[in-house]
Amino acid sequence: MIDLIFPDGSKREFEPGVTGRDVAASIAPSLAKRAILVKLDGELLDVERPLERGGRFEILDRNAPEALETIRHDVSHILAEAVQELFPGTQVTIGPAIEDGFYYDFARDEPFSLDDLARIEQRMKEIVDRDEPIRREVWNRQEAIAHFRSIGEEYKAQIIEGIPGEEPITVYRQGQWKDLCRGPHLPSTKAAGKAFKLTKLAGAYWRGDSNNPMLQRIYGTAWASEADLEAYLKRVEEAEKRDHRKIGRQMDLFHMQEEGRGMVFWHEKGLTLWRTVEAYMRRRLADAGYVEVRTPQVLDRVFWEKSGHWENYRPNMFVCETVEGEELALKPMNCPGHIQIFSFGQKSYRDLPLRMAEFGACHRYEPSGALHGLMRVRAFTQDDAHIFCREDQIVDEVASFIELATSIHEDFGLVRDHITLGTRPNPRAGTDAFWDMAEAQLLDAARKAGVEPVVAEGDGAFYAPKLDFQLKDAIGRSWTCGTIQNDYVLPDRLGAEFVGEDGQKHKPVMLHRAILGSFERFLGVLIENYAGAFPLWLSPVQVVVATITSDADDFALKAAARLRAAGLRVETDLRNEKINYKIREHSLAKTPVIAVVGRREAEEGKVALRRLGSDGQQILGLDEACNVLALEALPPDIARGRGHDAATVGTAAGGEVG
RNA sequence: GCCGCCAUAGCUCAGCCGGUAGAGCGGCGCAUUCGUAAUGCGUAGGUCGGGUGUUCGAGUCACCCUGGCGGCACCA
């Protein structure tokens, strides 16, 4: 007999070979009907799977969180079945569940069309209606390989060949159709439900390797209920509205054009945003003990040969030849330049840690297909810095960096989800012993800062492991911003050294670190995080003074001048338009504050402040308005320095009027 | 770079099976001076990303190039 322990703690005995469905039926017939999966000691199993051992046991219906992944996986199989019915001769490969949905990769000479997608989706729904039972079978390895080969499924045969010897080869039958799969699966196609939708068509390399043939991938989304599906589609729509490329155009922040792929034309408002962020970063870095430097944009090929970049990254560098025959390259990164400054003259251990920052403009020839708005560009400015330190200073430096970065990210409304530790990749420089040590240092430092990193196997740079910050924005999407790497290789390669207490020369360790990543990308993230409705301190235009009638023009100009004198970024709108029209226009332009001035305000020397997103007004005397807004527009670091909490400042003074 | 899709006024988009381009918003002009999310009327903008071909005739079909988008690969 086997013992099953239920979630309520009760324990019951069953015959070995009993199925999850039998167990459910012994509790209640309705439960047997609803059951789509069972969990035995944390492992998900088919409900029809005979149980050979006991353990902690749970019966899951389709609303269980764990069921969703299986539903998605099943829908991907239904997709594959539909495709093979409609397009005989198409080979199936793999089709996993992913975040929000699933995909399936097919090998077929003819490309699928968008129209095909609609047909396939229709057929998938028919397959669900057919209620085909899904059953697990264990096959003999050699027979399985021979079988899949014989039916022309070369990819499946290859997959089986790659499965470790001790693992059983399982095949799931789904009506007439079958697929190699580890499982688990739902009891029938009907259990998958119809809350799914095919979303996109894409190419994808077999086994993720660009040397392999390209397969056709069909993506879909699948949910436990129609309501969830609709909510998801709505979320996607909301995210599209925040697209920084769209908002960048609407708000006149920047543009890009054909002749400069991956290069940004920053317009006045976009540059204002940039400079605001830059000024903030300068203050934060200065407070944290960094010095700022600037290194050459273009350096001789010989320099990059020494640094090793020529050898490793030549195809991705912008290179030019001069009339005198020199070969020069635009810098793809700042580190070698910083080492030159470090090595200029002699450095003592007393100089360490030396934190050297540069808002460094770099150029990298990124593959054309990688370019994406501001997120991936060919010319970008990093908020770069290198901390030269002794080995025993690494942990402290990394830990305080984590604190600094966290504080900065939060000032921009981004909350940390987690930090990843990218470990040794392949290929890589250095011995395993080196990597053991370097990875341990980062782990120690993270823990010292109170963070337990999530390990991302093989995600490190080739010369060093790294910590990456994963942030969440206002609508829950995650972004990677900020990184730190402990590099022993480059300082050695470029001969950086310092004189230690012992009078001997030592090699410093170099911590490469960025908090924003690049200004381009970070501003893109900010635009999407705030959907263009920036907090007052960041907003390119902070106040628009809008008149109701031309009688108020003079006062409006005076008010604008005073607000500017108080340090605010102000525009005026004296056009002969109705106030409704102006309010609408400036609200759509995401202006945080509209200062309305009519005859009444002009006579009384007041302004009526209207905040974006609220329809109330705050009528204040001009002086008071200047004070309130200037205080409110303080960057968060300065507000903290003055003992103000930016979030609550400005709401205290003045009366609300409907 | 690879696979697929797309490319029409400043913006968003319509233009069916080929017969020489439309709308809304925006712009400009005139009128309106009107208290917190769109005042009315009028008017000017495109030869349809570039090229080749098919055709009596192409925005509309085919092919090539360029670029954009969605993925894949890449991301020091």
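Because only heavy atoms are used, hydrogens play no part in the values below, and waters and symmetry mates are left out as well, while side chains stay in. Below, chain A is the first sequence line, B the second, and so on; all start at residue 1.
- The aromatic rings of A:H73 and A:H77 stand perpendicular to each other, their planes meeting at an angle above 60°, with 30° marking the opposite boundary.
- Contacts of A:F462 with the nucleic acid, taken as non-hydrogen atoms under 4.0 Å apart, are absent.
- Here A:Y313 counts as stacked on B:A76: its ring centre is under 5.5 angstrom from the base ring centre and the planes meet at under 30°.
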Contacts under 3.5 Å, N or O only, protein and nucleotides 64-66 of chain B:
unit_1 : atom_1 : unit_2 : atom_2 : d
B:U66  : O2'    : A:E258 : OE1    : 3.0

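- When heavy atoms are screened at a 4.0 angstrom cut-off, A:P111 is found touching the sugar-phosphate backbone but no base atom.
- Residue contacts shown for A:A546 are absent, as no nucleic acid heavy atom lies under 4.0 Å away.
- Ion pairing between A:E604 and A:R600 fails under the 4.0 Å rule for side-chain N and carboxylate O.
- Taking atom P in both B:U60 and B:G15, one finds a spacing of 15 Å when rounded to whole Å.
- The separation of B:C64 from B:C2, taken at their P atoms, amounts to 13 Å, rounded to a whole angstrom.
- A:G308 comes within 4.0 angstrom of nothing in the nucleic acid, heavy atoms only.
- With sequence neighbours excluded, no residue forms a salt bridge (Lys or Arg N to Asp or Glu O under 4.0 Å) with A:R108.
- When the P atom of B:G67 is taken as reference, atom CE of A:M263 falls 12 Å away, rounded to whole Å.
- Less than 4.0 Å separates RNA chain B from at least one heavy atom of each of the following residues of residues 369-379 of chain A: A:G369, A:A370, A:H372, A:R376.
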Could you go through the ring pair (Phe, Tyr, Trp, His ring centres under 6.0 Å) check for A:F112 and A:F87 one step at a time? CA-CA 10 Å; A:F112 293 116; A:F87 306 95; 5.3 Å; yes

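- Side-chain N/O atoms of A:Q84 and A:T90 include no donor and acceptor closer than 3.5 Å.
- A sub-4.0 Å separation between OP1 or OP2 of B:A37 and a side-chain N or O of A:N580 is present.
- B:G45 sits 14 Å from B:A23 when the P atoms are compared, rounded to a whole Å.
- Distance A:R217 CZ to B:G71 P: 11 Å, rounded to the nearest Å.
- Contact annotation: side chain of A:E366 to base of B:G1, donor-acceptor pair absent below 3.5 Å.
- With sequence neighbours excluded, the residues satisfying side-chain contact (heavy atoms from CB on, under 4.5 Å) with A:N211 are A:D209.
- Note on A:N316: a base of the nucleic acid sits closer than 4.0 angstrom, heavy atoms only.
- Rounded to whole Å, the distance from CG on A:D105 to P on B:C3 is 16 Å.
- By the 6.0 Å and 45° rule, A:R301 does not stack over the aromatic ring of A:W304.
- For the side-chain contact (heavy atoms from CB on, under 4.5 Å) test, residues two or more places apart in sequence or in another chain that qualify with A:A589 are A:T591.
- If you check every strand for non-hydrogen atoms under 4.0 Å, A:A202 touches a base.
- Residue contacts shown for A:L114 are absent, as no nucleic acid heavy atom lies under 4.0 Å away.
- The stretch residues 253-263 of chain A participates, sequence neighbours left out, in no salt bridge (charged side-chain N to carboxylate O under 4.0 Å, His left out) pair at all.
- At whole-Å resolution of the value, CG in A:D384 and C1' in B:C75 are 15 Å apart.
- RNA chain B contains the following stems of three or more consecutive Watson-Crick or G-U pairs, with both distances under 3.5 Å: B:1-7 with B:66-72, B:10-13 with B:22-25, B:27-31 with B:39-43, B:49-53 with B:61-65.
- The existence of a salt bridge linking A:K241 and A:E238 is confirmed by a sub-4.0 Å separation between a basic side-chain nitrogen and an acidic carboxylate oxygen.
- Within 4.0 Å of A:Y219, counting heavy atoms only, lie sugar-phosphate atoms of the nucleic acid but no base atom.
- Listed in residue order, the members of residues 234-253 of chain A having a heavy atom less than 4.0 Å from RNA chain B are A:R245, A:R249.
- Among residues at least two apart or in separate chains, ring pair (Phe, Tyr, Trp, His ring centres under 6.0 Å) pairs with a member in residues 234-254 of chain A are A:F254-A:W266.
- One can place CD1 of A:I619 at 14 Å from P of B:G35, the figure rounded to the nearest angstrom.
- A distance of about 12 Å separates the P atoms of B:A14 and B:A9, rounded to the whole Å.
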Side-chain donor-acceptor pairs of residues 91-103 of chain A under 3.5 Å, sequence neighbours excluded:
unit_1 : atom_1 : unit_2 : atom_2 : d
A:Q91  : OE1    : A:E154 : N      : 2.8
A:Q91  : OE1    : A:Y155 : N      : 3.3
A:T93  : OG1    : A:D105 : O      : 2.6

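- The gap from the P atom of B:G49 to that of B:U12 amounts to 14 Å, rounded to the nearest Å.
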Atom pairs and distances, donor-acceptor, side-chain atoms in residues 487-495 of chain A, under 3.5 Å, two or more places apart:
unit_1 : atom_1 : unit_2 : atom_2 : d
A:D487 : OD1    : A:V489 : N      : 2.6
A:D487 : OD1    : A:L490 : N      : 3.1
A:D487 : OD2    : A:H512 : NE2    : 2.7
A:Y488 : OH     : A:E391 : OE2    : 3.0
A:Y488 : OH     : A:Q441 : OE1    : 3.2
A:Y488 : OH     : A:Q441 : NE2    : 2.7
A:R493 : NE     : A:K306 : O      : 3.1

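- With 3.5 Å as the limit, one finds a donor-acceptor pair spanning the side chains of A:T480 and A:Q470.
- For B:C48 and B:A58, the C1' atoms lie 11 Å apart once the distance is rounded to whole Å.
- A salt bridge between A:E397 and A:R513 is absent, with no side-chain N of the basic residue lying under 4.0 Å from a carboxylate O of the acidic one.
- Heavy-atom distances to RNA chain B give each of A:A204 and A:S368 a nearest nucleotide, and the one nearer the 5′ end belongs to A:S368.
- Nucleic acid contact class of A:Y205 (heavy atoms, under 4.0 Å, all strands): base.
- A:K200 comes within contact range of the sugar-phosphate backbone alone, with a heavy-atom separation under 4.0 Å but no base atom that close.
- The gap from the P atom of B:G59 to that of B:U52 amounts to 13 Å, rounded to the nearest Å.
- In this structure, A:T549 reaches the bases: a heavy-atom distance under 4.0 Å links it to at least one base atom across the strands shown.
- Counting only residues at least two apart or in different chains, salt bridge (charged side-chain N to carboxylate O under 4.0 Å, His left out) contacts with residues 359-371 of chain A comprise A:E366-A:R376.
- Checking B:G4, B:U39, B:G35 against every side-chain atom of A:A608, the shortest atom distance belongs to B:G35.
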Is there a salt bridge (Lys or Arg N to Asp or Glu O under 4.0 Å) between A:D551 and A:R599? Walk through the geometry before answering. CA-CA 6 Å; A:D551 293 342; A:R599 190 172 298 157; 2.6 Å; yes

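- A distance of about 11 Å separates the P atoms of B:C5 and B:A62, rounded to the whole Å.
- Between the CH2 atom of A:W206 and the P atom of B:G71 there is a distance of 23 Å, rounded to whole Å.
- Within 4.0 Å (heavy atoms only), A:M214 reaches at least one base atom of the nucleic acid.
- RNA chain B is contacted by both A:H363 and A:G262; A:G262 maps to the nucleotide lying nearer its 5′ end (nearest heavy atom per residue).
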